[in-house]
Protein chains: 2
Amino acid sequence: MNSSAIALTVGQLAKHAEVGVPTIRFYERRGLLPVPARRTSGYRQYPPDSVRRVRFIRHAQELGFSLREVQELLALSIDPGKSCADVRTRAAAKVADIEAKTASLNRMRKVLLKLMNNCPGDGPTDACPILLAMDDEHER
Amino acid sequence: MNSSAIALTVGQLAKHAEVGVPTIRFYERRGLLPVPARRTSGYRQYPPDSVRRVRFIRHAQELGFSLREVQELLALSIDPGKSCADVRTRAAAKVADIEAKTASLNRMRKVLLKLMNNCPGDGPTDACPILLAMDDEHER
DNA sequence: CTCCACCCTGCACCATAGTGCAGAGTCAAG
DNA sequence: CTTGACTCTGCACTATGGTGCAGGGTGGAG
């Protein structure tokens, strides 16, 4: 509860935000974190709400946004000319991305399961239908 | 139909397998393609069935296998001590991988859709529930 | 005043799957 | 024999999201 708690060092920020110290500096280089104030010694001084910012980045990543996209979301949240609709648009695009990825993964999964069904599970590898399917023109 | 057609240059192999020339050399460095014979000039000479090999790699990649995993599949197909069951095991592991990825993507998708539902679609970004959700501790 | 933990910068490196380029040599058609 | 397309090697670079290290400087407790 002392008044010196109004600023955090990188290490303290990293700890509170549960990331590594180099990650913080990496985010700064990438423009995801504002360039912080410095002490005369050069030590970075972070306001306590930087912790929220770093967590925001992590949460957005968990939702599938790349760091570049997180940067765009942060830009939206700062630009007063942008509205909730802009954010929604990004979210909708990300949902579409996710659905495309899922569809692709499902196609892979189906093909693999079909191949596994045709595979006796014994015998030499050179008669394995899984390998044979990959080996030849079978795509049509 | 001339007898010189028994060997391919990198360029010819690349063309038939529908990949780039550097990709062929990259696969060779990675041990995915056997080191080919060389002319006295140093030009690589590929047997025609190298085309099948490259296509195998591409097909396996399309099914979600990384190049490292493709290498393992190729090793299985060569090793006479390995059976179809070994290949099946790899395929099953890949299906499990795919299912884990899909589950993760579905979680992301659900959260995003829920957030979009709460979002009015207008108003300033600083009241946007999507951004607010990422901003704070909301995960529990 | 010393000591150790912490901080600074810049650079190199990890994996993944290639792409690009420079500078030199080669092949084959005309 | 020239010309243009192709090939050779090695190295650097792309994107992604960091990690690690060397060689210093700093902060505060004892």
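In what follows, chains carry the letters A, B, and so on, assigned in the order in which the sequence lines appear, proteins first and then strands, with residues in each chain numbered from 1.
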Taking OP1 and OP2 of [N], is either one under 4.0 Å from a side-chain nitrogen or oxygen of [X]?
X        : N       : result
Gln61(A) : dG18(D) : yes
Tyr27(B) : dA17(C) : no
Thr9(B)  : dT7(D)  : yes
Arg44(B) : dT9(D)  : yes
Arg39(A) : dT26(D) : no
Gln71(A) : dT16(D) : no
Thr23(B) : dA17(C) : no
Arg29(A) : dT9(C)  : no

Any base atoms under 4.0 Å from Arg38(B), or only sugar-phosphate, or nothing? Heavy atoms, all strands.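 Contact class for Arg38(B): sugar-phosphate only.
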
Distance, rounded to the nearest Å, where [X] contributes [atom1] and [N] contributes [atom2]:
X        : N       : atom1 : atom2 : result
Ile24(B) : dC6(D)  : CD1   : C1'   : 15 Å
Arg25(B) : dT7(D)  : CZ    : P     : 8 Å
Leu32(B) : dA17(C) : CG    : C1'   : 11 Å
Phe26(A) : dG10(C) : CZ    : P     : 16 Å
Leu67(A) : dG18(D) : CG    : C1'   : 9 Å
Glu28(A) : dG18(D) : CD    : P     : 15 Å
Ile57(A) : dT16(D) : CD1   : P     : 16 Å
Arg68(B) : dC14(C) : CZ    : P     : 13 Å

Ignoring hydrogens and angles, are the base of dC6(D) and the side chain of Tyr43(B) linked by a donor-acceptor pair under 3.5 Å? yes

Rounded to the nearest 0.5 Å, how far does CD1 of Ile57(A) lie from CG of Leu32(A)?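 CD1 of Ile57(A) is found 4.5 Å from CG of Leu32(A).
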
More than 12 heavy atoms of other residues, nucleotides or ligands under 6.0 Å from CZ of Arg25(A): is that the case? yes

Return whichever of Arg30(B) or Val21(A) has its heavy-atom-nearest nucleotide of DNA chain C closer to the 5' end. Val21(A)

Closest-nucleotide ordering on DNA chain D, the 5'-leading residue of Pro22(A) and Ser41(A): Pro22(A)

Are Leu73(B) and Phe26(B) linked, directly or through intermediate hydrophobic residues, by side-chain heavy-atom contacts shorter than 4.5 Å (ILVMFWY only)? yes

Could you please spell out the steps behind the salt bridge (Lys or Arg N to Asp or Glu O under 4.0 Å) verdict for Glu18(B) and Arg58(B)? CA-CA 10 Å; Glu18(B) 289 163 297; Arg58(B) 294 260 112 162; over 6 Å; no

Between Arg90(B) and Glu69(B), is the closest basic N to carboxylate O distance under 4.0 Å? no

